[in-house]
Amino acid sequence: METTDFPDPGKEWKENATKRFAGPFIGKDFDRVNVDPVLLAHAAPYCGFTLKEFYTQPKLGARAVIWAHEAYDLIPVVHWWPTIHVWSQELGTEFEWRTNSDPMVKKRAIKGPEDVERLEVPDAAEIKKTGKTFLAFKECFDYVAKNYPDWLVPLYYGFQIETNAAELLGSEDFLVWTYKEKDLAHKLIRKALDTSLNACQAIVETYGGALIVTGAALAGTDLLPNDKIKEFGVDYCRELVKGALRRGAGPQVWYHLCGNHAKDWELWEEVPFTPFTVFQVGYKGRQPFPLTDLIKKYGRKATIMGNVDTKVVHSGTSKEVYEMQRDQILVGLDNPNGFISGCACELPANAPSANITAMVRAANDVGRFNKR
Amino acid sequence: MTEKEILKGLSDSVVSGDDSQCKIWAQKAIDSGMSAYRAIMEGCGAGMAVCSDRYEKGEMYVPEILMSARAMYGAIDLLKPHIEKDAGGEAEGTCVICVVEGDVHDIGKNLVRIMVGASGVNMVDLGRDVTIEEIVKKAKETKAELVSLSTLMTTTMPGMKKTIEQLQSAGIRDKVKVMIGGAPITQQFADKIGADATGPDAREAVRIAERLIKQLRSK
């Protein structure tokens with residue numbers, strides 16, 4: 001499949017979707033609530049090619065994401081990334097891309113404590129020249145800028161910095177380090193953070209202000225107690241966002257707290273909230289995090305996003321998805337700073353198309369502003 | 001030094017995740033001539049049971065469990081060669097456990113291995129990114145009563161269904177119970193692919209494993 005195998009994006013659809021997308025941030029509702037299930041690799045099976053092609057062919061990946069967003073009537077933003085483990089290739093991690101799996105770590109950047117010191121953080125100039133993650137994003141952004149300039153929203157995936165650091169070593173060893181080798185764990189996160197912020201600088205210097213995407217995954221209730229989540233998650237996330245803003249990224253920030261945050265979700269009030277902040281928490285235990293709690297705590301300073309159970313979008317029926325999305329929208333629309341409906345996590349690549357359609361249908365049925 | 005003191009030393013060092021102390025106590029057990037199997041089960045195993053209990057109550061977290069498990073395995077490595085000399089000591093069944101092909105996220109799988117293993121089941125850990133052929137082959141070889149499959153990724157969930165189909169084709173489906181787990185797994189999915197059980201976490205896995213083995217043996 002080629003990038004030229006798709007029809008040109010519809011102009012009228014794009015105009016309307018842009019107005020709809022801007023609504024929560026400018027306080028001006030357009031027609032209905034946005035639907036953003038965080039559609040990334042789903043674009044591949046949806047358009048008939050493999051996950052490997054999606055991750056390794058940025059132009060094709062981006063083009064398919066554009067088409068899928070329009071076809072489903074989602075938001076006019078190109079989500080694309082080469083791997084969830086952003087910037088770890090810049091520190092020596094090697095990946096393996098298989099036909100229909102997500103990218104897998106083939107070789108870790110470090111093997112043990114003795115390797116932490118020798119990890120060299122590349123500066124922005126070096127990242128621009130040789131950074132594998134950066135060059136993949138560049139191929140995507142350059143393609144979109146050249147062919148679909150009004151779709152280009154440069155993204156800086158700062159992402160879950162504690163998780164990225166853990167990927168350099170291996171999650172299990174890293175978790176043990178947070179207890180037994182705290183200094184080493186901090187050193188490793190520091191190197192991951194500095195690399196990530198240098199990558200941010202490289203993106204900003206090349207494309208201007210970029211949406212900051214960040215959050216936490218390992219730093220969550222399933223794995224760590226709150227004092228460790230603060231020490232290894234919240235504090236570094238705060239530093240990452242402040243650092244990114246200082247480098248010219250933002251002001252849009254999207255926080256995605258991945259997985260179960262039943263006990264730590266209130267700790268995150270310490271991270272910076274810009275006037276254009278989207279806040280999303282995946283789960284409370286095994287259930288999607290209740291929007292009512294999020295609205296109460298964060299609704300005055302952020303646009304709230306979520307929160308249809310991703311497991312249901314993957315394995316449930318369209319009726320179940322429709323009803324869940326309907327119920328979430330009815331709660332979410334009351335958020336004073338706006339609401340974006342979506343899943344609790346990235347849309348599963350192999351989720352049935354019918355279930356995404358069900359989400360949009362529910363938005364059309366109960367998420368229209370003129371019916372409220 | 002009494003056996004009771006040695007068992008307590010083993011148990012306490014497992015609970016505190018002190019791997020060097022745990023090895024010292026294991027060596028003391030060997031030197032004292034006590035049953036190595038007893039040292040593992042009533043020393044290390046008892047310590048891991050305390051950890052499991054505290055984990056369930058939210059008093060211990062995953063890194064501490066991992067540290068305790070590492071301490072326990074260090075001691076078991078020392079004690080294992082001495083088990084043959086002992087009489088008795090049969091495991092409560094055998095479980096082949098792995099992360100399915102295409103996925104390398106193994107923290108959940110390792111927790112299940114640790115917890116279910118501590119309850120007395122012989123865990124045959126095939127690791128992560130394991131092919132269906134390997135799983136079926138090992139289940140046959142070890143005459144496993146349980147196969148425990150884990151994944152964090154939705155893209156690799158179909159591998160669980162195919163594994164169950166292959167166990168069927170290999171003619172051993174009625175001799176083995178299949179439990180599946182991982183963040184994206186629902187009861188609905190487990191039912192749909194014909195798995196025997198799923199649960200939300202490693203704590204529940206212990207109860208499920210016990211129940212499934214009982215079911216299989218009562219047939």
Side-chain angles (χ1 to χ4, degrees), chain A residues 41-42 44-45 51 84 96 98-106 166-167 170-180 185 217-218 220-229 232 258-260 262-263 282-283 285-286 309-317 320 344-351, chain B residues 16-20 54-55 58-71 99-111 113-114 128-129 151-161 180-193 198-204:
Chain A
H42 174 80
L51 295 189
I84 190 168
E96 181 182 354
R98 293 196 193 160
T99 308
N100 271 314
S101 296
D102 293 297
M104 297 199 298
V105 176
K106 189 168 74 177
E167 284 297 346
S171 299
E172 198 172 301
D173 285 338
F174 180 81
L175 286 169
V176 170
W177 280 15
T178 62
Y179 279 73
K180 274 198 158 172
L218 278 191
T221 300
D222 279 340
L223 298 174
L224 292 169
N226 273 7
D227 59 331
K228 299 282 181 191
I229 290 172
F232 293 99
C258 196
N260 175 16
K263 293 181 185 168
Y283 288 89
R286 295 277 287 176
D309 192 343
T310 314
K311 299 189 291 292
V312 176
V313 178
H314 176 266
S315 306
T317 64
E320 286 170 326
C345 198
E346 180 192 337
L347 178 67
N350 48 5
Chain B
S16 60
D18 189 334
D19 47 358
S20 53
R54 290 189 183 172
Y55 180 61
E59 294 167 2
M60 266 181 108
Y61 283 83
V62 170
E64 293 163 295
I65 296 289
L66 294 172
M67 282 154 57
S68 293
R70 287 176 184 197
V99 176
V100 296
E101 188 174 15
D103 192 356
V104 293
H105 298 89
D106 61 357
I107 293 177
K109 181 269 292 176
N110 290 344
L111 287 174
R113 184 198 68 209
I114 292 163
R128 53 200 191 178
D129 186 24
T151 189
L152 183 72
M153 316 300 293
T154 54
T155 46
T156 44
M157 284 164 66
M160 293 175 155
K161 180 170 185 278
I180 63 172
I185 306 298
T186 58
Q187 185 63 53
Q188 198 178 13
F189 177 76
D191 294 342
K192 197 166 149 187
I193 68 167
T198 184
D201 53 37
R203 293 161 281 203
E204 187 60 24

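Residue numbers begin at 1 in each chain, while the letters A, B, ... track the order of the sequences.
- Closest non-hydrogen pair, A:Arg286 versus B:Ile185, comes out as NH2-O, 2.5 Å.
- Annotation: side chain of B:Pro63 is in contact with side chain of A:Leu224 (closest heavy-atom distance under 4.5 Å).
- A salt bridge links B:Arg70 with A:Asp173: the closest approach of a Lys/Arg side-chain nitrogen to an acidic carboxylate oxygen falls below 4.0 angstrom.
- Each of A:Pro225, A:Gly170, A:Pro348 has some count of heavy-atom pairs under 4.5 Å with chain B, and the biggest count is that of A:Pro225.
- Per-residue heavy-atom pair counts under 4.5 Å with chain B were compared for A:Leu175, A:Val312, A:Asn260, and the maximum is reached by A:Leu175.
- Smallest separation of non-hydrogen atoms from A:Glu172 and B:Ile107: N-CD1, 4.3 Å.
- Looking at A:Asn100, its side chain never comes within 3.5 Å of a backbone N or O of B:Thr155 through a donor-acceptor pair.
- Proximity to chain B (any heavy atom under 4.5 Å) is restricted, for A:Thr178, to the side chain, taken from C-beta onward.
- Looking at A:Glu346, neither its backbone nor its side chain comes within 4.5 Å of chain B, counting heavy atoms on both sides.
- Residues B:Tyr61 and A:Lys228 are not in side-chain contact: their nearest non-hydrogen atoms beyond the backbone lie 4.5 Å or more apart.
- Across B:Asp19 and A:Lys180, no two heavy atoms sit closer than the pair OD1-NZ, 3.6 Å.
- Of the two parts of B:Met60, neither the backbone nor the side chain holds a non-hydrogen atom closer than 4.5 Å to a non-hydrogen atom of chain A.
- In terms of heavy-atom proximity, B:Gly102 sits nearest to A:Ser101 at CA-OG, 3.6 Å.
- Residues A:Ala349 and B:Thr154 share a closest heavy-atom pair of N-OG1, 4.2 Å.
- Only the backbone of A:Asp222 comes within contact range of chain B, with at least one heavy atom under 4.5 Å from a heavy atom of that chain.
- Comparing B:Asn110, B:Asp201, B:Ile65, B:Thr156 by how many heavy-atom pairs each has under 4.5 Å with chain A, the most go to B:Asn110.
- Using a 4.5 Å heavy-atom threshold, the side chains of A:Ser315 and B:Met157 count as touching.
- Nearest approach of A:Met104 to B:Asp129, heavy atoms of both residues: CE-OD2, 3.7 Å.
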